[in-house]
Amino acid sequence: MPEEAPPSRAGSCPPGRRVLMLLTASGGGRAGGGRRPQPPLAQPSASPYREALELLPIFQARGQLLAQLRNLDSAVLIGETGSGKTTQIPQYLYEAGIGRQGIIGVTQPRRVAAISLATRVSDEKRTELGKLVGYTVRFEDVTSEDTRIKFLTDGMLLREAISDSLLRKYNCIILDEAHERTIHTDVLFGVVKAAQKRRKELGKLPLKVVVMSATMDVDLFSQYFNGAPVLYLEGRQHPIQIFYTKQPQHDYLHAALVSVFQIHQEAPSSQDILVFLTGQEEIEAMSKTCRDIAKHLPDGCPAMLVLPLYASLPYAQQLRVFQAAPKGYRKVIISTNIAETSITITGIKYVVDTGMVKAKKYNPDSGLEVLAVQRVSKTQAWQRTGRAGREDSGVCYRLYTEEEFEKFDKMTVPEIQRCNLAGVMLQLLAMKVPDVLTFDFMSKPSPDHIQAAIAQLDLLGALEHKDDQLTLTPIGRKMAAFPLEPKFAKTILLSPKFHCTEEILTIVSLLSVDSVLYNPPARREEVQNVRKKFISSEGDHITLLNIYRTFRNTGGNKDWCKENFVNSKNMMLVAEVRAQLREICLKMSMPIMSSRGDVESVRRCLAHSLFMNTAELQPDGSYATTDSHQPVAIHPSSVLFHCKPACVVYTELLYTNKCYMRDLCVVDAEWLYEAAPEHFRRKLRTARS
DNA sequence: GAGCACTGC
C-alpha cells in the first residue's frame, strides 16, 4: 500500500516566469467552467448558467484579459481545470468586436467537446444554436451566415485549410487543449502561424491566434509564436492527497488489486474508485478478479459494483459508468487512458494510478509503429491524479515510488513524432506549403520519419518532383480530398478501373472506423457460430463486405446487429462514412459501378492499391513481407488465421508481441506484378517462376 | 500458433 507524501496540487506546476497576470479564485460554486464536457447523454439537464458565471474566476479578470488580448497578435493562455477559459474567452473577444470582420474559431480535439461547448455558449448568449454560436464537426455543420463563434474539431479546421490556407473566414483562431498535442493541433500550429504571417505581408485582415493549454509547460508555445506573452488563469481544482509506494512494484496489477480492496474496506461506500490499467484484456481480467473477491468480503463491508471501461466496449456498457451505483454499493471503474481525457466521470474520490499505459511508439530506424505497454509521462500522471479532485478533495494512489516518478519523462511525446506522416504530408502538399520537408513544426519529426512518408506517397503515385520542388500529381490532389489514409483514398480512386467502386467504398468505410465486430470473450463459441455464414476464404475484406451486404439487405437494424455480434454504433458510422465518401466520388465525376457478385475484381483492385503491403508464405510455413522480408504472422482476429494462402495483401502491420498483419486479402502474385512491375522486379518469389 | 491504447477528417 502506498505511503503518504505531502499533499500536492493536481493539474499543473506553479506559474512560470513570463506570467503577465495572476488571478485568484474566489467564491464557491462549481457549475461553471467545466472544461471537459461529458457526452451529451451524461450531461445534467439545464443548469443555472448565469449564476454560476459570475462566480467564475475568469469573470473578474475580463477587463484585464481583454485589454491584453485586444492588442496582441498571439497569446498563450494557461488555465487550470475550471477556469472557464474555453467558454468565456470566445465571448469576451466577440463582445470586444473581434468577431465583427470574421469568425472566431475555437478548435477542440474531440467531437463531443466541440458540440457541447457550442451548445453551452449559445445558451449563455441566449441564442439559438447555429446562429451566433455554432459548431462544425465531421458529418455535422451547425453554422449559418450569422455564426461568429464557431467551435470545431482540429481535424476539421485542418481540412478547411486545404481549400483556404490563409483561413480568410477567420479573424481569430483559438487552439484549445493545446497541451494534448494531437497530430492535428500540431499541424495547425504551423498552418496558423504561416497564415498569420502571410496575411500580414499581404496587408489583409490580421489573424489573432490564442493558444490555450491546461499545463504550465508553455515555453515551447510561447517561443514558437515569436515570444507570445503568457497569460495565467487560476482554476478551481480541489486539493488532492498523493500517496506513493515505498518500494517499486514489479507487479502493478497485484498492487492495484491490493489498493482497491484496502480503500474499499476503509472508505464510505459513496466514494468511488477509478483505476488506470493499460488494455481490454487486463481490464476484463481485473474486473472478474475484483467481483470474485468482493463476493467473499467480511460483513459490514460495502458491496462493490465493478465497471470496466475502454473504447471498444459497446456504448450501452460505457454509459453504465455515469449511473449512480445502488445504495450501499461502491463503484470501481477500471479503465484505460480513455478516462484521462475523453470521458469524465463525476463522483470519483480515489484514483489508483499504475503508471502504465499502452501507446504507440515510432521507431525511426525501422520506420515501424509499435504498440507497447510503457511508463506514463509526468503530465499524464498529473492528468490522472486530477481525475480525483473534480467535485471535492480527492486521493490518488500512485503505484510507484516518488523516485521512480521523478524519472518519468516530463511530457508525453507529441503524436506527430509517433505515427505515420503520409496523411499529414499529403495535406500539407494539398495546401501548397512551399517546402514540406522543412515545414515549421513546433516539435519536428525526424528527417527519416518525414522521408518515409514521402516515399509512401511516391509509391502511391501522389507526388511529382520538379526542379527540387515536391508537388502533387492530379491523383495526389484527388487523394487529399478524401478524409482517409492515403492508401485508402488511392484504393477508391483505382476502383473504377475494376468496376467495383460500390464494393470498395463499403470496404474502405469498414476499414476506416473501429471494428464493427464485437467479440465478448465469454461467448466465443456463439460468436464463431453466428459469424460462420459471413466468412469468406478469400479474406477479411470480402468477409466484411458480406457482413455489410447482409446488414443492408435485412434492413440494417439494431436487433440484427445484436444477434450477429455486430457493434451497431460503429455500423451506423460506417454507413455515414460511406455516404460521405460516395458524395466525394460523385463530386469528382467518378463513375460508380458495382461488380455485383464478382469478388475477384474487388480483390484485384485491393492488390493494385495495397501492393506495398504484401506477404508471402515461406517454405517453413511462416510469412515474410515481400519488400523487406520482415517476418510477419496472421493476426488471430483474421478469418485466415488458420489458413495458409500463398500470397496476401494486408491493410496494416501491428507490432505487439509479434509483428501481425491485420485485415488480409488473398491475391494472385501475378496481379501484384501487374500492379507495380518496377517495384516487384526480382522480389516476388512466385510471380517470377 | 493466440490478440487490439486513444482520437479525428
Side-chain angles (χ1 to χ4, degrees), chain A residues 107-114 136-141 152-163 177 180-188 276-285 309-313 335-343 356-361 369-374 376 380 383 412 415-416 418-419 423-424 426-427 430 479-486 488-489 508-509 512-515 517-519 521 524 573 576-577 580-581 584 620-623 633-638 640-644 651-663:
Chain A
T107 67
Q108 291 296 318
R110 282 168 292 280
R111 291 168 53 97
V112 281
T136 307
V137 296
R138 190 179 188 182
F139 309 127
E140 253 187 293
D141 181 8
L152 71 177
T153 45
D154 48 10
M156 203 67 215
L157 185 61
L158 207 50
R159 203 130 275 279
E160 287 186 9
I162 292 181
S163 42
E177 309 281 18
E180 289 192 26
R181 302 296 303 272
T182 69
I183 194 162
H184 292 144
T185 297
D186 262 34
V187 178
L188 279 174
F276 285 101
L277 298 186
T278 71
Q280 174 177 351
E281 210 176 280
E282 215 173 74
I283 286 167
E284 290 292 353
L309 180 63
Y310 44 88
S312 62
L313 198 69
S335 173
T336 60
N337 44 346
I338 193 171
E340 241 169 63
T341 50
S342 306
I343 291 181
M356 304 305 283
V357 67
K358 195 181 282 185
K360 229 174 222 176
K361 283 199 252 186
E369 291 175 346
V370 183
L371 192 62
V373 172
Q374 50 198 300
V376 296
Q380 238 176 326
Q383 181 70 35
T412 311
E415 200 184 356
I416 198 147
R418 287 187 288 130
C419 49
V424 166
L426 184 69
Q427 278 185 315
M479 281 165 61
F482 289 96
L484 291 170
E485 279 181 54
F488 292 150
V508 164
S509 304
S512 69
V513 306
D514 284 341
S515 176
L517 306 177
Y518 174 50
N519 299 310
R524 242 175 83 169
L573 189 59
E576 267 189 298
V577 171
Q580 188 191 28
L581 299 178
I584 295 169
D620 67 354
S622 70
Y623 283 85
I634 299 178
H635 195 277
S637 67
S638 172
L640 297 177
F641 184 55
H642 293 284
C643 311
K644 296 245 179 245
T651 301
E652 63 173 357
L653 287 181
L654 181 84
Y655 285 70
T656 48
N657 294 327
K658 261 197 214 169
C659 184
Y660 289 102
M661 301 178 274
R662 285 173 64 176
D663 297 314

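Every chain is numbered from 1, with letters handed out A, B, ... down the list of sequences.
Of all heavy-atom pairs between A:G279 and A:T336, the closest is CA-CG2, 4.1 Å.
A donor-acceptor pair is defined here as one N or O able to donate and one able to accept, closer than 3.5 Å; such a pair exists between the side chain of A:K644 and the backbone of A:G621.
Under the 4.0 Å criterion applied to side-chain N and carboxylate O atoms, A:R110 and A:E180 are assigned as salt-bridge partners.
Atom CD in A:E576 sits about 11 Å away from atom P in B:dC9, given to the nearest Å. In this structure, the CD atom of A:E485 is 17 Å from the P atom of B:dT7, given to the nearest Å. With rounding to whole Å, A:H184 atom NE2 is found 9 Å from B:dT7 atom C1'. In this structure, A:D186 atom CG and B:dT7 atom C1' are separated by 14 Å, rounded to whole Å. A:E177 places its CD atom 15 Å from the C1' atom of B:dG8, with the value rounded to the nearest Å. As a whole-Å value, the separation of A:E140 CD from B:dG8 P is 13 Å. As rounded to whole Å, 10 Å separates atom P of B:dC9 from atom CZ of A:R159.
No side-chain donor from either of A:T182 and A:H184 sits under 3.5 Å from a side-chain acceptor of the other.
The shortest distance between the side-chain N/O atoms of A:T153 and the OP1/OP2 oxygens of B:dC9 is below 4.0 Å.
If you check every strand for non-hydrogen atoms under 4.0 Å, A:V373 touches nothing.
Under the salt bridge (Lys or Arg N to Asp or Glu O under 4.0 Å) criterion, A:R138 pairs with no residue, sequence neighbours left out. By the salt bridge (Lys or Arg N to Asp or Glu O under 4.0 Å) test, A:E140 is found to be paired with A:R111, residues two or more places apart in sequence or in another chain being considered.
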Which parts of nucleotides 1-6 of chain B does protein reach within less than 4.0 Å, heavy atoms only, written one letter per nucleotide 5' to 3' as B for base, S for sugar-phosphate only and - for none? BBBBBS
